[in-house]
2 protein chains.
Amino acid sequence: MPRGNCQGQGWWHGKFRGCGYRLTEGREAILDILAKSEGHLSAEDIYMKVHPKYPNVGLTTIYRTLDVLSGLGMVYKLDFGDGRARYELAEGPKGAHHHHHLVCTDCNKVIDYTDFIDEEVELLRETEKGLGKKYNFKITNHVIQFYGLCGKCSGKK
Amino acid sequence: MPRGNCQGQGWWHGKFRGCGYRLTEGREAILDILAKSEGHLSAEDIYMKVHPKYPNVGLTTIYRTLDVLSGLGMVYKLDFGDGRARYELAEGPKGAHHHHHLVCTDCNKVIDYTDFIDEEVELLRETEKGLGKKYNFKITNHVIQFYGLCGKCSGKK
DNA sequence: TTAGTAATGGAAATCATTTTCAATAAGCTT
DNA sequence: AAGCTTATTGAAAATGATTTCCATTACTAA
Ligand SMILES: [Mn+2]
Ligand SMILES: [Mn+2]
Ligand SMILES: [Zn+2]
Ligand SMILES: [Zn+2]
């Protein structure tokens, strides 16, 4: 039963099974919600969405599954500073959609942006290579977030 | 008593007072610890260090002060995924020391790096300008972190 | 002084996430 | 199809970082 690092091929059935995980109703439900919701959902958000159709899937399973998924690199666990973790699919059914985030520190609005992504990604690639070598790190991921005030919030009091 | 956004001049006495905050023993102690510790301290870490000398400063005050400080932009509140917030001074007594982070997802070791900082900062400046205009955001801060396995952890089992 | 208000600490409350544990279900082997 | 092994599960309880309460104290300005 090979666990651990199982970067694999296609979509989830195979990936899951290939890594020794069992494919259960709850796990599929969660993945489905993540795939179609296209947002930044908290564990509880997901629970709310899964519950109507699968009332027997508990919050604990949501947390556990999210953990497995982010361990497999299928899901990113994000922190926007609002006290709860948020999750998004690493890549949709039809390929990646790499983006970074713009976060309003006042109302917590989050914008996905892809502008400048190419330049950023290129620089990141080089940086990762350089840092990896210099500090002997095997870099697998990065986070770039800009914080500030959205239009609505900067025109407040 | 002008509160809120008080981006100011020099070092803390002035900044604090200028923003209508009172400079108290506890606050000074916390700032001192942050200034000399040069790490990524949690609220409790700070409490531990402050307590011997100022046994009458409570954890609650640590949290409150840290909040004020990050509100003033004097301190960065960081999340490395280990379940507690960590703090670092935004700029030391002798000027800024802008850096980004390299985080081991296994042992939570954190490395401050300044390599590539110039290129990164330049790109960030442009990106901020572009994003700010396009999304009508007043960007005040950014976070760049690379995640991966440190040498020790990548050579594990 | 004196009043007005900011700041404090200790205890209690919050609340997201984890842990425990007995029950159940997946996938594999007959 | 039935049995077996063990991953997975849900509910409830535990955890633990951060907040909130509130009565008390410390500043500041007039
Ligand atoms: Mn996103
Ligand atoms: Mn740092
Ligand atoms: Zn906003
Ligand atoms: Zn490590």
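In the text below, chain A, chain B and the rest are named by the order of the sequence lines, each starting its count at 1.
In this structure, B:Leu59 places its CG atom 12 Å from C1' of D:dG16, rounding to the nearest Å. Spacing between atom CD1 of B:Ile62 and atom P of C:dG10 amounts to 12 Å, rounded to whole angstrom units. The OH atom of B:Tyr63 sits 7 Å away from the P atom of D:dA17 (whole-angstrom rounding).
Comparing atom distances between the A:Arg17 side chain and each of D:dT8, D:dT28, C:dC28 picks out C:dC28 as nearest. Looking at the side chain of A:Glu44, the nearest of the listed nucleotides D:dT19, C:dA16, D:dA7 is C:dA16. Listed nucleotides C:dT19, C:dG27, D:dC27 differ in distance to A:Thr60; the shortest reach to its side chain belongs to C:dT19. Relative to the side chain of B:Arg22, the nucleotides C:dT17, D:dT9, D:dT28 differ in distance, and D:dT28 lies closest.
Residue-level contact check: B:Gly83 touches the backbone only, with heavy atoms under 4.0 Å from sugar-phosphate atoms and none from bases. As judged by a 4.0 angstrom heavy-atom cut-off over every strand, B:Arg64 is placed among the base-contacting residues. In this structure, B:Arg86 reaches neither bases nor backbone, as no heavy-atom distance under 4.0 Å exists between it and the strands shown.
Contact of the A:Leu78 side chain with the A:Glu88 side chain is registered, since non-hydrogen atoms from C-beta on lie closer than 4.5 Å.
A continuous path of hydrophobic side-chain contacts links B:Val75 to B:Tyr47 [ILVMFWY only; heavy atoms under 4.5 Å]. Hydrophobic clustering (side-chain heavy atoms under 4.5 Å, transitive across Ile, Leu, Val, Met, Phe, Trp, Tyr) keeps A:Val103 apart from A:Tyr113.
Put simply, B:Thr24 has no side-chain N or O that comes within less than 4.0 Å of OP1 or OP2 on C:dA6. For D:dT8, one of the phosphate oxygens OP1 or OP2 lies less than 4.0 angstrom from a side-chain nitrogen or oxygen of A:Arg27.
Side-chain atoms of B:Arg27 come within 3.5 Å of backbone atoms of B:Arg22 as a donor-acceptor pair (strictly under, hydrogens ignored).
Residue whose closest nucleotide on DNA chain D sits further toward the 5' end, between A:Glu25 and B:Leu23: A:Glu25.
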